[in-house]
Amino acid sequence: MNKIPVIIDCDPGHDDAIALITALASDRLDVLGITAAAGNQTVDKTEKNARKILEICARTDIPVAKGRTAPLLQSLHVARDIHGESGMDGPVLPEPTFEPAKEPAEELIARLVEECETPVTLIITGTCTNIAVFLLAYPHLHRKIARISLMGGGAFLGNRTPLAEFNIWADPEAARIVMDSQIPLEVYGLDVTHKALIYQEEFELFRKEEGAIFQLVAGLLDFFSASYLNERKMNGGPIHDACAVMGVIYPELFTYRETHISVELESRESRGALTMDLRPKEKREKQANGKIALDVDRDKFLQLLLESCKILTAERRKKGYDS
Ligand code: BDR
Ligand code: CA
């Protein structure tokens with residue numbers, strides 16, 4: 001089977017890190033590159049965190065590029081309350097041994113897309129700033145983007161405001177450019193990501209296993225779930241960002257609704273909310289530009305995360321990382 005070429009734009013981030021692990025473990029994906037966004041923390045921090053994840057996953061061959069330092073129009077607001085000072089507080093990871101790419105995120109994306117023989121899937125697990133800049137700067141490459149799978153928003157549900165979710169709220173203009181690009185969209189919002197939850201009592205499934213990858217995920221879950229308990233009164237960790245990766249590999253895990261999806265910018269109360277029409281098809285005024293996931297098979301999702309850790313643990317051993 002041909003692998004799906006993907007570029008992941010992320011802001012690691014505890015759940016971004018688990019999303020990267022899921023992508024790197026999959027034999028169905030070819031991860032061409034990773035670009036870092038400002039979001040959960042400043043881009044200097046998220047970029048370094050991305051390289052730390054690649055280092056521990058023994059994939060230092062994948063290029064990492066730094067994205068924009070700030071959203072398109074508004075100022076930067078990071079998610080220190082959820083992800084801590086480093087953007088990935090909790091587990092202590094070794095310093096990366098390789099340098100980031102010299103080119104900025106949008107240039108790396110353009111080069112990788114141009115070089116790839118088949119259309120590339122873009123996966124966004126942070127703010128949409130870098131991908132919006134890429135889409136604006138390289139309109140001739142839109143036809144080489146197969147689709148955009150992103151974690152963000154919700155069906156009339158928010159976490160930063162009653163209606164806006166963090167990734168969209170943090171740069172709504174960028175999200176609007178991405179959603180209005182006419183490239184097929186797959187959206188994983190809070191409706192589904194709050195169901196992709198790992199409960200406190202399941203953390204042991206990771207902790208009891210040997211190896212750096214399992215221990216990393218256990219450490220990420222500890223910190224992330226403590227934040228969610230404090231800030232959002234939730235038991236466990238919703239692994240938001242892994243949904244946007246998992247959906248590309250295993251769409252059969254999710255229940256989707258096709259609709260027209262965009263972003264509200266004008267109203268003060270609902271700025272950054274997703275707009276969509278979930279009425280019966282014949283009632284809708286706009287043609288669908290994508291689909292939003294509304295449900296997930298949580299048990300399979302958890303099994304696949306465990307399986308991903310197992311695969312990368314074996315890879316590390318094969319490459320002599322644990323000897
Ligand atoms: C999203 O915001 C970030 O804090 C997470 O990494 C995720 O991408 C959830 O609202
Ligand atoms: Ca994220």
Side-chain angles (χ1 to χ4, degrees), residues 7-23 34-43 45-50 52-53 64 67-68 71 76-90 105 122-131 148-172 174-175 178 186-198 217 220-221 223-234 236-247 263 272-274 292-293 296:
I7 297 172
I8 306 174
D9 187 71
C10 54
D11 60 343
H14 297 72
D15 52 332
D16 301 79
I18 298 175
L20 290 174
I21 286 172
T22 313
I34 292 172
T35 51
N40 285 331
Q41 259 301 347
T42 60
V43 74
K45 294 182 182 178
T46 61
E47 183 279 318
K48 195 164 184 193
N49 290 342
K52 283 182 176 177
I53 297 297
V64 178
R68 297 280 154 153
L76 177 67
H77 293 284
V78 299
R80 190 178 286 107
D81 53 339
I82 301 288
H83 298 274
E85 205 46 60
S86 70
M88 218 167 65
D89 277 8
L122 300 179
I123 300 176
I124 308 176
T125 65
T127 53
C128 291
T129 320
N130 296 335
I131 301 301
I148 296 175
S149 172
L150 73 89
M151 189 283 135
F156 318 111
L157 184 64
N159 55 16
R160 282 292 153 155
T161 75
L163 288 169
E165 176 280 334
F166 178 75
N167 288 345
I168 308 294
W169 169 87
D171 193 348
V178 167
E186 286 171 21
V187 176
Y188 299 82
L190 297 175
D191 314 82
V192 72
T193 67
H194 281 178
K195 293 177 190 160
L197 191 69
I198 304 190
V217 173
L220 290 167
L221 289 172
F223 188 93
F224 196 49
S225 63
S227 298
Y228 264 81
L229 192 58
N230 281 339
E231 299 292 325
R232 312 248 161 96
K233 310 292 167 238
M234 214 184 249
I239 316 302
H240 308 281
D241 292 340
C243 293
V245 170
M246 207 76 100
V263 181
L274 295 190
I292 181 157
V296 60

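As a basis for the values below, the full set of heavy atoms in this structure was taken, side chains included, without hydrogen atoms, waters or symmetry mates. The first residue of the sequence shown is numbered 1, and numbering continues consecutively from there. In listed order, ligands and their atoms are each counted from 1.
Contact of the D81 side chain with the S227 side chain is not registered, since no non-hydrogen atoms from C-beta on lie closer than 4.5 Å. Taking 4.5 Å as the limit, some side-chain heavy atom of I82 sits within range of a side-chain heavy atom of R232.
Side-chain contact check for D89 and S86: at least one donor-acceptor pair (N or O, by modelled atom type) lies under 3.5 Å. Side-chain contact check for T129 and D171: at least one donor-acceptor pair (N or O, by modelled atom type) lies under 3.5 Å.
Heavy-atom separations between H14 and ligand 1 are all 4.0 Å or longer.
One finds an angle of 140° at the Ca ion (ligand 2) between OD1 on D11 and OD2 on D241, to the nearest 10 degrees.
Only the side chain of N40 comes within 4.0 Å of ligand 1, counting heavy atoms alone; its backbone N, CA, C and O stay farther away. Here D16 has side-chain heavy atoms under 4.0 Å from ligand 1, and that is the only part of it that gets that close.
In the vicinity of T125, heavy-atom distances shorter than 4.0 Å reach the ligand 1 atoms 8 (O). The atoms of ligand 1 that sit less than 4.0 Å from any heavy atom of M151 are 1 (C), 7 (C), 8 (O), 9 (C). Every atom of ligand 1 is numbered from 1 in the order shown, and the set under 4.0 Å from a heavy atom of H83 is 3 (C), 4 (O), 5 (C), 6 (O).
Residue D16 holds its CG atom at 7.5 Å from CG of N167, rounded to the nearest 0.5 Å.
Distances from the Ca ion (ligand 2) show that T125 has an N/O/S atom below 3.0 Å.
From the protein, the heavy atom lying nearest to atom 8 (O) of ligand 1 is D241 OD1, 2.6 Å. Counting only heavy atoms of the protein, atom 7 (C) of ligand 1 lies nearest to D15 OD2, 3.2 Å. At the shortest separation from atom 9 (C) of ligand 1 among protein heavy atoms lies E165 OE2, 3.1 Å.
With respect to H194, the side-chain contact (heavy atoms from CB on, under 4.5 Å) criterion is satisfied by exactly one of V192, L197, L190: L190. Just one of N40, D15, L20 meets the side-chain contact (heavy atoms from CB on, under 4.5 Å) condition when paired with C10; it is L20.
Without hydrogens or angle criteria, D191 side chain to A155 main chain gives a donor-acceptor distance under 3.5 Å.
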